[in-house]
Amino acid sequence: MTDGWKSYSDLKDEGYIHEVVNHSIEFVREDDRSVHTQKVERMWKTLKSVLKREGRESENDHLYVYEFLYREQQKMKGMTTPSEMFPQFLQHIHDTYPGYGIEGLKPKDYIPQQ
């Protein structure tokens with residue numbers, strides 16, 4: 001769901017389901033109250049505030065966007081705290097890179113030997 005910005009006009013051609021709200025007329029579509037941009041606008045506002053607050057270099061912004069999206073995805077699955085998200089994060093690492101994550105490295109593998 002987007003506003004009527006011209007850059008979004010090809011989304012349907014790219015295979016996306018695309019609903020449009022014309023903000024010069026309304027902010028929630030009158031014929032379908034579920035079509036609005038409040039959620040995406042809130043997400044952008046939150047992401048921008050996180051990036052500004054952290055004061056990080058802009059060359060790494062894509063990494064923080066990935067982290068932000070991952071956390072939001074986990075929240076949508078009902079995981080709201082880091083202690084709930086971290087085991088799932090390790091499982092995703094293990095699934096992507098077998099040998100790492102939950103069952104991969106043991107403390108002896110990464111603690112320097114005396």
Verify, without hydrogens or angle tests, whether [X] (side chain) and [Y] (backbone) share a donor-acceptor contact under 3.5 angstrom.
| X | Y | answer |
| --- | --- | --- |
| Q91 | P87 | no |
| Q74 | R71 | no |
| R29 | H36 | no |
| T96 | I93 | no |

Can you confirm whether more than 12 heavy atoms, excluding those of [X], are under 6.0 Å from its [atom1] atom?
| X | atom1 | answer |
| --- | --- | --- |
| K77 | NZ | yes |
| L63 | CG | yes |
| F89 | CZ | no |

Look at the side-chain heavy atoms of Ile, Leu, Val, Met, Phe, Trp and Tyr, link any pair under 4.5 Å apart, and say whether [X] and [Y] land in one connected group.
| X | Y | result |
| --- | --- | --- |
| V20 | F27 | no |
| M76 | Y70 | no |
| Y8 | Y16 | yes |
| W44 | L69 | yes |

### Heavy-atom side-chain contact between L47 and E72 under 4.5 Å
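They are not in contact (no side-chain heavy atoms under 4.5 Å apart), so the answer is no.
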## Note on the structure
Students should find that the hydrophobic cluster of V21, defined by side-chain heavy atoms under 4.5 Å apart, otherwise consists of M1, V35
### Task
Please report the closest heavy-atom contact between T2 and T37, naming both atoms and the distance.
C-CG2, 3.6 Å
#### Entry: Contacts of type salt bridge (charged side-chain N to carboxylate O under 4.0 Å, His left out), residue E30, not counting sequence neighbours
R33
### Task
Verify whether one side chain among H18 and S9 offers a donor that lies under 3.5 Å from an acceptor in the other.
no
### Message
Within this structure, what is the CE-CD distance for the pair M85 and Q73, rounded to the nearest 0.5 Å?
### Response
10.5 Å
